[in-house]
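Computed from a predicted structure; not experimentally measured. Reminder, nothing fancy here: chain letters follow the sequence lines and each chain counts from 1.
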Amino acid sequence: NSWLTLRTHLFCFVWQIAMIILFGVFIRYDKESNAHWVETKAHDNITSDIENDFYFRYPSFQDVHVMIFVGFGFLMTFLKRYSFGAVGFNFLIASFGLQWALLMQGWFHSLDPQTGKIFIGVESLINADFCVAGCLIAYGAVLGKVSPVQLLVMTLFGVTLFAVEEYIILNLLHARDAGGSMVIHTFGGYYGLAISRVLYRPNLHQSKRMQGSVYHSDTFAMIGTLFLWMFWPSFNSAITDHGDGQHRAVINTYLCLASTVLTTVAISSLSQKTGKLDMVHIQNSTLAGGVALGTAAEFMISPYGALIVGFFCGIISTMGYIFISPFLEKTLKIQDTCGIHNLHAMPGVIGGIVGAITAAAASESVYGKQGLINTFDFTGDFKDRTVLTQGGYQAAGMCVSIVFGVVGGAIVGSILKLPIWGDPADENCFDDEVYWEYPSHSGVQQPHDPQAARPVSPFSMLCLTISHKSLVIC
Amino acid sequence: NSWLTLRTHLFCFVWQIAMIILFGVFIRYDKESNAHWVETKAHDNITSDIENDFYFRYPSFQDVHVMIFVGFGFLMTFLKRYSFGAVGFNFLIASFGLQWALLMQGWFHSLDPQTGKIFIGVESLINADFCVAGCLIAYGAVLGKVSPVQLLVMTLFGVTLFAVEEYIILNLLHARDAGGSMVIHTFGGYYGLAISRVLYRPNLHQSKRMQGSVYHSDTFAMIGTLFLWMFWPSFNSAITDHGDGQHRAVINTYLCLASTVLTTVAISSLSQKTGKLDMVHIQNSTLAGGVALGTAAEFMISPYGALIVGFFCGIISTMGYIFISPFLEKTLKIQDTCGIHNLHAMPGVIGGIVGAITAAAASESVYGKQGLINTFDFTGDFKDRTVLTQGGYQAAGMCVSIVFGVVGGAIVGSILKLPIWGDPADENCFDDEVYWEYPSHSGVQQPHDPQAARPVSPFSMLCLTISHKSLVIC
Amino acid sequence: NSWLTLRTHLFCFVWQIAMIILFGVFIRYDKESNAHWVETKAHDNITSDIENDFYFRYPSFQDVHVMIFVGFGFLMTFLKRYSFGAVGFNFLIASFGLQWALLMQGWFHSLDPQTGKIFIGVESLINADFCVAGCLIAYGAVLGKVSPVQLLVMTLFGVTLFAVEEYIILNLLHARDAGGSMVIHTFGGYYGLAISRVLYRPNLHQSKRMQGSVYHSDTFAMIGTLFLWMFWPSFNSAITDHGDGQHRAVINTYLCLASTVLTTVAISSLSQKTGKLDMVHIQNSTLAGGVALGTAAEFMISPYGALIVGFFCGIISTMGYIFISPFLEKTLKIQDTCGIHNLHAMPGVIGGIVGAITAAAASESVYGKQGLINTFDFTGDFKDRTVLTQGGYQAAGMCVSIVFGVVGGAIVGSILKLPIWGDPADENCFDDEVYWEYPSHSGVQQPHDPQAARPVSPFSMLCLTISHKSLVIC
């Protein structure tokens, strides 16, 4: 147990010190965030500070930031006694991951060959948040079943794999994937599912009493759902082209998500004999449209096209929760706590396919000559690429993301299976008490009097006494 | 019961398919979100992508979006056992409504006569959100007393009526109403009250045990209150003129709302013999100032003018909760669950009056010659309109919104009174269990073992057993 | 008791009326929010509305606004039965404070000598929110122990003192402090601690049962934590220079806060024999990095420099909760409910020191000639100031903020100690029931039947009966 202690804080310290050293060696401000900007402006004939990329991207960045920390964090609070772990560990691994992502993505995408430095600006911050999102998705599959150290290890490798597959997909294959259907969601989904498969716990039913939600925990989870849902247009448009690119990605995502809500409700209601709705579906499947439009959001998919994508995603994702999740658990032995297969992996693959088809069907009449070049970035080495070829490379990109997710997850899962990481026993899964001091705090408390801040009626004492066995109130 | 099921999912499916078809026929990207933007820029001599309307309006749009989904949704979670319905049905009808609003508002406001198409951009999305707000206000009056199908029908007609009254007020009468005191709040308020009147339930006291809040549900509701309050400056400035128009609307709304908080607290404290505060007032009346400045926010009402409006709105709205709501229920038989009369209808009317007076009092010395023309859009057919005439048309606009609300609500209420919509029995009102699976979910649950995720102590079993009768914990 | 009532509402009314009169005399729209903007544009050769300062600052303003109302409000909801007071009184005093701040800051910083008017725009709103932040920090120290009237008085004097010290630090000493390490956090921290010292309650243990959190109240508090954490980059960049200044402040704050999270977790885990984490630390110490970078965020501290600041702040702040808070209470008799000493006062001082050192170490090679002038505003009277001198003035500024906090707090504390303010008895501290109607509300309730909205099972009746003594559920 003291060994566990040692490792958690040791990991945090060592890794943070490593980050400081690596940042000292490699990371510098880019020209738009450097005090020399006034000279850059003069040199490049930029007339106004508003042309700084900051003003094009900062509102979207803050929305994405909310999605990462509040969105993902609260979405996972649905379990009755794992809210601290959901929000708290999400906070921890995202904070670590984004630093490592700035380095990894920098080395692969923007290392300046002359100076050997990585120059960062607001777009780098968005990309780091995106990279972290992949790991947070994977966290959803193993929620409640792993230790914080395992999560940190999972994030370290996850970010590394992400940067490589992103480099292959975006730079080598030159596929487009602004909202990350392939790069983020497909990869993150399969990465998490593969890890969960390797870490399969045949006796997980021993913590059955902790699986499931209570009324207020479901309401907390809706905070996560809604902030993800509302800000998804910013997610899909955050790094698209200035002007029409960002504008169009917002419209498409906004429409697609609205459509998803209706079919999610329809299938959820249809799936119960009583016609009642299930909060699991509302919390998760309503978001599938955003995932599936990650690649095509910036394309001229047209408003009704976005609605169609959302329509089918709501259906498929909800059906996934009803039919596929039980199948995965029983047959394939994949225990997927949050159902990321239905929310990220499957819709991500759909998104890759939609992106490939939409790209292949692009035409100069719809995009305009220059519009086609801008949207697909047919410049430099790729200036002669046709839309059909582009469609093929999009499809290839999707395969790369699946392979990286499955193979990478299998390897990382094997590492995490080593019996050195202090993971919880089967009967203690989904229980905050394993890693968190239980509520007894206050600014003016007596630190060594654990009773101090607890209700002292006989009844609540009773509850505390038997809470290790079976009773959970509210 | 299976009939109910059928209808909920049937409505969602049929309407979503209808949306797809209509969007396919009518909706296209506007020139600022179209890939041809690069040509538009060249043609119109636009020097920078930052001139795209997207960058003027997107931050405000996202704030409005948060108000619609988190603000309205969580504000209604105050009931002890209707949080799922509050947030969930709000989510459903807003998602449906915004699609229908894009079509209806498009047909009335921006149908291109040559192509027969509606061209949408970020301003269209804001207007769709605004339109939906009217229906969500109406939902507040009938919260807990209607079925999801009734809500969908109410939204279908609500959006339709909204588009018509908006066309009359903004286009024909050429009234100004950027933040929608008249168009959104007055209409939405009276629409909901009229429906609630028609659906009057004399035996609603049978669900008395479910009426009222618990400690945590009141805290959840404050999330809604605060996000509405904080982002109201964005609401009132989202579609005002670029530059000083948006800037001024923000300042006015910010000040007005601050003033409202103080008088709300004062009256709330004064109303109780003990001097204690009432969460109902803090949750709702603090927002009345934003409603009442919807029309005048973009005018030169001056900072102290904004404070005065807020001062009186806090008083009137809080008094409404204390004196008028009980009167409405007893005498006029209007059961108004959230008190929308005090938060939207009455402050909306005040806002219309303030707008008319401020417009009539406008002068060239205060606005400047061009400023007056810009602010009131005295161009084209209206270039010779005087401010006095404008004041008269503003007042006329307010009357139109009341008439549409009352008459429209009465008609729609009659439709909803038909005994085919599966609404809850009197003793089941305000109870999530009628339409929602109760918490027993988890990603790894056994779907057919309802006990699985529930606490299994004798005590909690007892609770579940008698929860249909009278016991609600927490 | 009726005397208490009288005072709360009396204060609100009188002060709000005073605000209206003073705003009428002094406050006007500035040229960017005035309808004459069209003339200003022509006169100043401004080519586009997007050059209006509104578009540079509005997204940051809204983030800051969320921090003030949701961030500070929900961060303080951790106590098991003081959520209404935390969110509600925070709402009240912020709404009052921002009005008074616009006047006080206007008189000191931007009174136009010719017209005798204060001209406000979006930057004024941000500064008013900043000023209020100082008072909300102080609220954290006395949370649960004072009456609303005391809070209003504390805010009145706090804003006044703030405006004076800010004038001395920013204008007379010409120190830089964009994110307010000194002006906001150091001042606010010591102001609150000094007040808490004067109001020391030797018998506070009588409300021991109310001190501490419950599971859901800790989850609510994480909403506050996360919104503060996510939007802190906007806080530190909201009023920095257009262009690279805002851009750099965001990057530095983003990195610094990420680093803080890891060391907070490390120390929290290390501090418990079991290696478990403590929610108090996660909720608070993770934010210390943002405080400590308030001054230096806009400087060229470089990315790894930001990480180093965050690294040490996480350690020091968490250790503060473990060692210093108990010491302060026992030895210095400072009862600091939220631990603002560890979150604001101490990191604020660190921030001042970091700022002074970074300023003194600035060089033309790093900033560029013009960059140095822009960043430190070496213009006008200060055009010959060297960076070393600047470093000295920064340090002097920090001393001013401490002195104003301690002395001002001692004086205001003495005023608040007068037995006329209706503060709660020792045994009623941290209890919402003293100032709030307890949950029994609904829109359709019978106002004179307090039983109406309450659960009516024998069990819950029992709870209500004994809740004044010792029992608190959930």
Seminar exercise, completed: Scored by heavy-atom pairs under 4.5 Å with chain B, the best of C:N52, C:V70, C:L125 is C:L125
Exercise. More than 12 non-hydrogen atoms from neighbouring residues, nucleotides or ligands closer than 6.0 Å to CZ on B:F312, yes or no?
Worked result: no
Seminar exercise, completed: Greatest number of non-hydrogen atom pairs under 4.5 angstrom with chain C, of B:G368, B:G371, B:G243, falls to B:G243
Exercise. Under 3.5 Å, is there a donor-acceptor pair between the side chain of B:T375 and the main chain of B:F299?
Worked result: no
Seminar exercise, completed: Note: vs chain C, highest number of non-hydrogen pairs under 4.5 angstrom among B:T263, B:L328, B:I267, B:I223 is B:I223
Exercise. Which bit of C:L102 is near chain B, if near means a heavy-atom gap under 4.5 Å: side chain, backbone, both or neither?
Worked result: side chain
Exercise. For the candidates C:I27, C:V87, C:I21, C:V66, which exhibits the highest count of non-hydrogen atom pairs separated by less than 4.5 Å from chain B?
Worked result: C:V66
For this session: Hey, can you tell me if C:F54 and B:H247 have their rings parallel, tilted or perpendicular (30° and 60° cut-offs)?
Result: tilted
Seminar exercise, completed: Pair count under 4.5 Å, heavy atoms only, with chain C: among B:N252, B:T225, B:I340, highest is B:N252
Exercise. Just checking, is any N or O donor in the side chain of C:E433 or C:N428 under 3.5 Å from an acceptor N or O on the other one?
Worked result: no
Exercise. Checking heavy atoms, do the side chain of B:S217, its backbone, both or neither come under 4.5 Å from chain C?
Worked result: neither
For this session: Tell me, for B:F231 versus chain C, whether the close heavy atoms (under 4.5 Å) come from the side chain, the backbone, both or neither.
Result: both
Seminar exercise, completed: Residue from C:W15, C:F61, C:F26, C:Y58 scoring the most non-hydrogen pairs under 4.5 Å with chain B is C:Y58
Exercise. Should C:D432 and C:R81 count as an ion pair when the cut-off is N to O under 4.0 Å?
Worked result: no
For this session: Give the C-alpha distance, both sets of side-chain angles, the deciding distance and a yes or no for ring-ring contact (aromatic ring centres under 6.0 Å, His included) between C:F220 and C:H216.
Result: CA-CA 6 Å; C:F220 276 118; C:H216 286 316; 7.4 Å; no
Problem set entry | Which portion of C:F91 sits near chain B, non-hydrogen atoms under 4.5 angstrom | both
Exercise. Is the shortest distance from a Lys or Arg side-chain nitrogen in C:K41 or C:D49 to a carboxylate oxygen in the other one below 4.0 Å?
Worked result: yes
Problem set entry | Closest approach of C:Q16 to B:S259 (non-hydrogen atoms, all atoms of both residues) | NE2-OG, 3.2 Å
For this session: Determine, for C:K31 against C:D44, whether the closest basic-nitrogen to carboxylate-oxygen distance falls under 4.0 angstrom.
Result: yes
For this session: Determine the option with the most heavy-atom pairs under 4.5 angstrom with chain C, choosing from B:S234, B:G314, B:P59, B:S237.
Result: B:S234
Problem set entry | Top of C:A128, C:G121, C:S124 for chain B proximity - count of heavy-atom pairs under 4.5 angstrom | C:G121
Exercise. Looking at B:P233, B:A306, B:G245, B:G305, which has the largest count of heavy-atom pairs under 4.5 Å with chain C?
Worked result: B:P233
Problem set entry | Contact leader toward chain B among C:L22, C:V122, C:T77, C:L152, where contacts are heavy-atom pairs under 4.5 Å | C:V122
Seminar exercise, completed: If one checks every heavy atom of C:E39 against chain B at 4.5 Å, the contacting part turns out to be side chain
Seminar exercise, completed: Under 4.5 Å to a heavy atom of chain C? For B:T286 that would be side chain
Exercise. Which bit of B:I373 is near chain C, if near means a heavy-atom gap under 4.5 Å: side chain, backbone, both or neither?
Worked result: neither
Problem set entry | Toward chain C, the part of B:Y367 with a non-hydrogen atom under 4.5 Å | both
For this session: Under 4.5 Å heavy-atom distance to chain B, tell me which part of C:V38 shows up: side chain, backbone, both or neither.
Result: side chain
Exercise. Quick one: CD1 on C:I120 to OH on C:Y29, what's the gap to the nearest 0.5 Å?
Worked result: 8.0 Å
For this session: Kindly assign one of parallel, tilted or perpendicular to the pair C:F11 and C:W421, based on the angle between their ring planes and the thresholds 30° and 60°.
Result: perpendicular
For this session: Could you check B:H242 against C:W37 for ring-ring contact (aromatic ring centres under 6.0 Å, His included), going step by step and ending with a plain yes or no?
Result: CA-CA 11 Å; B:H242 289 177; C:W37 163 247; over 10 Å; no
For this session: Could you tell me which of B:Q246, B:E298, B:K369, B:E51 has the largest number of non-hydrogen atom pairs under 4.5 Å with chain C?
Result: B:Q246
Exercise. When you look at C:S33 and C:D30, which way does the side chain to side chain donor-acceptor pair (under 3.5 Å) test go after all the steps?
Worked result: CA-CA 6 Å; C:S33 57; C:D30 73 4; 3.0 Å; yes
Problem set entry | Structural part of C:D129 lying under 4.5 Å from a heavy atom of chain B | both
